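Accompanying notes for the structure given below.
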2 protein chains.
Amino acid sequence: MFTLSEENYLKAIYHLELDTVKGVSTNAIAKKLETKASSVSDMIKKLSEKDVVVYKKYKGVTLTVFGKKIAASIVRKHRLWEVFLVEKLNFSWDEVHDVAEQLEHIKSPKLVNQLDIFLGFPSHDPHGDPIPDKDGDLKTIEKSLLSTLEKNETGVCVGVNDSSSEFLKFLDKKEITLGKQIRVLEKEDFDDSLSIQIDGKKLSISNKIANNLYVQKS
Amino acid sequence: MFTLSEENYLKAIYHLELDTVKGVSTNAIAKKLETKASSVSDMIKKLSEKDVVVYKKYKGVTLTVFGKKIAASIVRKHRLWEVFLVEKLNFSWDEVHDVAEQLEHIKSPKLVNQLDIFLGFPSHDPHGDPIPDKDGDLKTIEKSLLSTLEKNETGVCVGVNDSSSEFLKFLDKKEITLGKQIRVLEKEDFDDSLSIQIDGKKLSISNKIANNLYVQKS
DNA sequence: ATATATTTTTAGACAAGACTAAAAATATTA
DNA sequence: TAATATTTTTAGTCTTGTCTAAAAATATAT
Ligand SMILES: [Mn+2]
Ligand SMILES: [Mn+2]
Ligand SMILES: [Mn+2]
Ligand SMILES: [Mn+2]
């Protein structure tokens, strides 16, 4: 059994491993968890005692197969709960994350299974992120940042890179929601801003936005 | 804000106060929480610092109005989650308690409200216990132990006194569920056992069972 | 009323998890 | 390669919540 704190470390390492080739650095973990590197050092020792990470002093850390399973199960719970909150309890997609951070630590295999059934086996959470299956595997769809699309290319909104409440609310205001089709009308070299077509309307989009929105090219 | 531990102490005191006239004793709390009296002593000091209990050395402890509100909100969450698990996720009534013990500590006012709405504002949990309203008030119905019914009296099953998994499973086996009508056919002086009629069938019930089943006289 | 039993509190210790400051290792730059 | 900068670990401290053992207060029985 893992403590709340251990689970949060495992999840952080899991997410960091997704975009690092080498082991995850102490500093990266500290930054993600808003804690101090010394605290991370301490915890890593405990986690490697429990055989969920491989740890070599000064060399960063890697999840073991077992550790990855644990981490994926927490991510699975997080995302299932987010779906529940949006689909069943009328939360909007910018309100769910903090509650899911709490709910992901509830320990009950039956609860997770039944929730999965109740929600109709969702494959993605409200932010377009894939939900790991029971074995911790996730099927990744190929998605591209909107900023990588060329002029006249089109794609369907499938996810966000930044899922902060601020960004999500901004998208709501602009009526950019997952599932909608976007066509790039113009790319400005000057500031890398985009002119896009969505819902038949023309919209101007800064580079910062285009860098945080995923589309599936179509 | 209160820690997990503090919340559990408040809830324990809340429950113990319901069947004690005087202050709740250190020992009673220790027994309920399966901890040591010395630990209770320590925690009580912290709780009285936070103005949720009134504490006089050696004199037992009482919840303040504020403390009772906190405790009731936890009980409210516990019971709402139990309803959710039974009504929506196909848990049986003997499986929900441990999961609800975890879920009751999730902090999100919106979650509780929306859950309440989603469940249709239930007034009682799967064990027949009343769900405190937003202000922490609960409307108690008058219920009596089955063992207090006289020969030929009838009542409707409305709750259990013992909500252990063992007892609940036993009731399931005998097909005694909340809402069913029971008539006392015979009372044995010898061992205080009962002969009852339920679902048109005759059933023999030990005193231990009759002492743990609540009915509303009809 | 005094002796005995029970309950409650205090004193002191420990584990988990975090922090600061300083030392050690590694990386970068000249 | 040597000097400097950065990262990581260690050492020592703190808080929370728990425990055991012993002291103090209260309750019960003779
Ligand atoms: Mn999230
Ligand atoms: Mn998400
Ligand atoms: Mn319960
Ligand atoms: Mn209940």
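Lettering follows sequence order; numbering is per chain, from 1. Predicted, not measured: the structure shown is a model, and the values here were computed from it.
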Next item on the list: Could you encode protein contacts along nucleotides 12-20 of chain C as a string, one character per nucleotide from 5' to 3', using B for base contact, S for sugar-phosphate-only contact and - for no contact, with a heavy-atom cut-off of under 4.0 Å?
Entry: -----BSBB
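A cation-pi geometry, defined here as NZ or CZ lying under 6.0 Å from the six-membered ring centre and within 45° of its normal, holds between K110(B) and F91(A). Seen from the ring of F2(B), K107(B) does not count as a face-on cation partner, given the 6.0 Å and 45° thresholds. Y14(A) does not carry K68(A) over the face of its six-membered ring by the limits of under 6.0 Å from the centre and within 45° of the normal.
Taking both residues in full, the closest heavy atoms of L89(A) and Q114(B) are given as O-NE2, 2.9 Å, listed atom of the first, atom of the second, then distance.
Side-chain N/O atoms of T20(B) and E17(B) include no donor and acceptor closer than 3.5 Å. Between W93(B) and D172(B), the side chains place a donor N or O and an acceptor N or O closer than 3.5 Å (distance only, hydrogens not considered). H127(A) and H97(A) are not linked by any side-chain donor-acceptor pair at a separation below 3.5 angstrom, with hydrogens and angles left out of the test.
To the nearest angstrom, C1' of dA11(C) lies 10 Å from NZ of K45(B).
Residue K56(A) is classed as having no contact, given no heavy-atom separation below 4.0 Å to the nucleic acid.
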Using atom names, set out every protein N or O paired with an N or O of nucleotides 3-8 of chain D below 3.5 Å, distance rounded to 0.1 Å.
unit_1	atom_1	unit_2	atom_2	d
dT8(D)	OP2	N27(A)	N	2.9

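Ion pairing between a basic and an acidic side chain is recognised when a charged N comes within 4.0 Å of a carboxylate O; K11(A) and E104(A) show such pairing.
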